[in-house]
Amino acid sequence: MTEPSIRLRGLTKHFGSVRAVDGVDLDIADGEFFAMLGPSGSGKTTVLRMIAGFEAPTNGSIELGGVDVTGKAAYDRDVNTVFQDYALFPHMSVQDNVEYGLRVKKVDRDERRRRAAEALASVHLDKYADRRPSQLSGGQRQRVALARALVNRPKVLLLDEPLGALDLKLRRSMQIELKQLQREVGITFVFVTHDQEEALTLADRIAVFNEGKIEQVASPAELYETPANPFVAGFVGTSNLLTGPSAVRLVGREGAFSIRPEKIHLDPAESESLQRATGVVREVIYLGASNHYVVDLDAPEPVSLTVERQNLHGASDQSLRQRGDQVSIGWLPEHVIALTEKEN
Amino acid sequence: MASAPGYQRRLLSLLAPPMLWLGVAYLGALAALFITSFWTVNAYGTGEVVQVWNLDNYRQLFRIDVYRTITVRTLLTAVGVTVIDAMLALPIALFMAKMASPRLRKMLVVAVLTPLWASYLVKAYAWRGLLSDSGPIAWLMRPFGLDTPGYGLTATVITLAYLWLPYMILPMYAGLERLPDSLLDASADLGARPWLTLRRVVIPVLWPAAVAGSIFTFSLSLGDYIAVKIVGGANQMLGNVVYDNSGTAGNLPFAAAVATIPVVIMVVYLALVRRTGALENL
């Protein structure tokens with residue numbers, strides 16, 4: 001089986017005069033945990049909805065497991081979706097919600113019961129089978145939605161901003177659970193998110209969307225360490241963008257470059273072989289685990305770099321710098337990422 | 001706000017007129033109706049009400065077959081009108097809420113509401129014209145070997161169904177607007193074809209709204225006596241019995257007793273639908 005789980009070719013969707021999705025080519029491998037990341041309006045959700053069959057593409061094709069499904073309706077596709085608002089049926093119990101897909105496929109009662117119980121157990125909700133969705137918390141509804149989709153044993157599970165409505169702590173624990181779940185069931189998970197941290201945490205590979213196009217497809221580490229262009233560098237993680245004269249001054253070459261804040265050393269020791277600069281601290285942002293310093297450099301044109309420093313010694317640390325302090329900074333040349341600017 | 005001085009007094013003065021109206025004019029009239037139904041008229045045919053408590057009116061209602069026939073006929077007419085309206089309103093409301101463009105949707109809402117501004121009498125007489133022997137319905141049907149139903153019970157049901165249709169469409173439309181599209185997507189995603197989604201998801205979720213609409217179509221049909229006079233031929237409804245007895249026959253207590261029947265039916269109906277949560281959808 002070398003056929004990819006999902007293959008998109010030239011996928012395009014127009015809403016009136018708006019090109020929501022503009023020629024997307026993408027292969028997603030079997031068993032992959034894949035993220036579609038991008039700002040709102042970048043077309044990622046529309047791509048997901050086209051894979052599910054809720055929207056018909058204006059152009060292009062969709063293959064699932066090597067079979068062209070472009071013209072097929074949602075109910076004829078072997079994929080299941082976890083919706084952003086969970087879309088649980090309010091008039092049914094949790095049990096009936098989970099059984100819905102099996103009932104539609106005329107699976108007999110006993111097997112339906114058994115598989116639904118299994119699915120609910122796998123998301124730790126076996127005790128809630130008789131409740132109505134309105135009696136559950138957001139996190140529990142999320143799990144019911146997962147169970148309702150997975151009980152059908154689809155080849156692909158699509159998740160639309162699956163953790164978007166949950167609070168931060170719950171998100172974190174659900175992220176871990178999702179990842180375990182995906183490993184256990186071993187099917188392809190494709191999820192849409194605007195949260196770059198979530199994409200980096202969960203996904204094997206990430207496609208970054210912008211204005212209906214894919215900017216880059218890569219593993220989380222690749223995406224973070226070697227972003228293909230300024231958009232990706234700016235959207236994934238924090239990044240110091242250097243262009244024009246300041247690039248020439250700080251990097252020594254013309255072009256567009258990016259340096260991650262944590263790769264810049266504040267007050268480095270003399271002995272280290274770094275590229276160096278000096279500047280004035282304009283802003284100190286206390287983040288708990290680390291501090292961000294915004295440092296204004298006396299470059300040919302005003303440029304400020306964000307520098308991240310771990311809080312290794314606590315808030316009373318003498319080495320904490322204040323606003324207005326004169327500082328020196330330095331970085332290893334190999335941590336400067338060359339970016340290809342988009343031709344417009 | 002609630003603790004501000006004089007708040008209670010101001011609230012009372014604001015609510016007093018409508019409460020007075022509701023209590024005296026509205027419920028009072030209903031109470032007067034109920035009390036009158038236990039009185040009688042004098043034996044000389046002058047229609048003068050005699051205030052003697054008795055159950056003669058109700059005894060007469062139950063004993064004489066024709067009143068039972070009329071009650072059943074009225075009830076079945078109201079049920080028929082409600083069922084027809086529900087079946088017509090569902091696809092219309094579904095199209096308005098889920099398929100039409102926002103522009104078309106606004107136009108359709110206006111189109112549904114507009115007939116409510118036209119006079120009831122004009123609309124009923126319009127149907128008399130449509131259903132007449134030489135009317136457009138006869139003209140349309142005859143090439144197919146069919147004919148106009150003519151004036152009678154069928155015509156009454158058709159006319160009433162037309163008259164009360166907006167009262168069924170509007171709550172259904174409102175109910176469908178509250179139904180998230182994602183539920184329809186989810187049903188399709190889980191393998192259900194559109195008909196199954198309609199049966200398993202749309203209709204159950206819409207049920208309270210449909211029952212809310214049925215309260216209007218059912219009660220309005222129960223009390224009607226004009227449409228049946230215009231298109232109903234010789235048929236009589238409870239409303240006609242009330243009308244004749246309070247007018248020409250001059251037996252107001254008996255008319256009151258007859259008028260109590262639809263009120264009782266409605267109270268029973270409302271008690272039944274209260275369980276569905278429909279009353280929160282009005």
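Within every chain, numbering begins at 1; the chains are lettered A, B, ... in the order of the sequence lines, protein sequences first and strands thereafter.
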Completion exercise
Pair count under 4.5 Å, heavy atoms only, with chain B: among Val104(A), Leu88(A), Leu102(A), highest is Val104(A)

Handout entry: Side chains of Asn80(A) and Asp189(B) in contact at under 4.5 Å (non-hydrogen atoms)
Key = yes

Practice task
Count the heavy atoms of every other residue, nucleotide or ligand shown that sit under 6.0 Å from CG of Asp167(A), and state whether that count exceeds 12.
Solution key: yes

Practice task
State whether the number of non-hydrogen atoms from other residues, nucleotides or ligands found under 6.0 Å of Lys123(B) atom NZ is greater than 12.
Solution key: yes

Practice task
Considering only NZ, NE, NH1 and NH2 on the basic side and carboxylate oxygens on the acidic side, decide whether Arg193(B) and Asp76(A) come within less than 4.0 Å.
Solution key: yes

Practice task
Would you mind checking if Asp185(B) and Arg49(A) are paired as a salt bridge, meaning a charged N to carboxylate O distance below 4.0 Å?
Solution key: yes

Problem - Phe89(A) vs Ser187(B) side-chain heavy atoms within contact, under 4.5 Å - result: yes

Completion exercise
Max heavy-atom pairs within cutoff under 4.5 Å with chain B, candidates Ala87(A), Gly101(A), Pro154(A), goes to Ala87(A)

Handout entry: Whether over 12 other heavy atoms sit under 6.0 Å from Tyr26(B) OH
Key = no

Handout entry: Option in Gln84(A), Met92(A), Arg103(A) with maximal non-hydrogen atom pairs under 4.5 Å from chain B
Key = Arg103(A)

Fill in the blank from the handout: Residues Ala192(B) and Tyr100(A): closest non-hydrogen pair is CB-OH, 3.8 Å

Handout entry: Proximal to chain B - members of residues 182-192 of chain A, heavy-atom separation under 4.5 Å
Key = none

Problem - Within residues 194-201 of chain B, residues adjacent to chain A where the heavy-atom gap is under 4.5 Å - result: Pro194(B), Leu196(B), Thr197(B), Arg200(B), Val201(B)

Practice task
Rounded to the nearest 0.5 Å, what's the gap from CG on Leu183(B) to NE2 on His91(A)? Could you check?
Solution key: 8.5 Å

Practice task
For Lys106(B), look at atom NZ and say whether over 12 heavy atoms of other residues, nucleotides or ligands are found less than 6.0 Å away.
Solution key: no

Practice task
Inspect the surroundings of CZ in Arg19(A) and state if more than 12 heavy atoms from other residues, nucleotides or ligands are less than 6.0 Å away.
Solution key: no

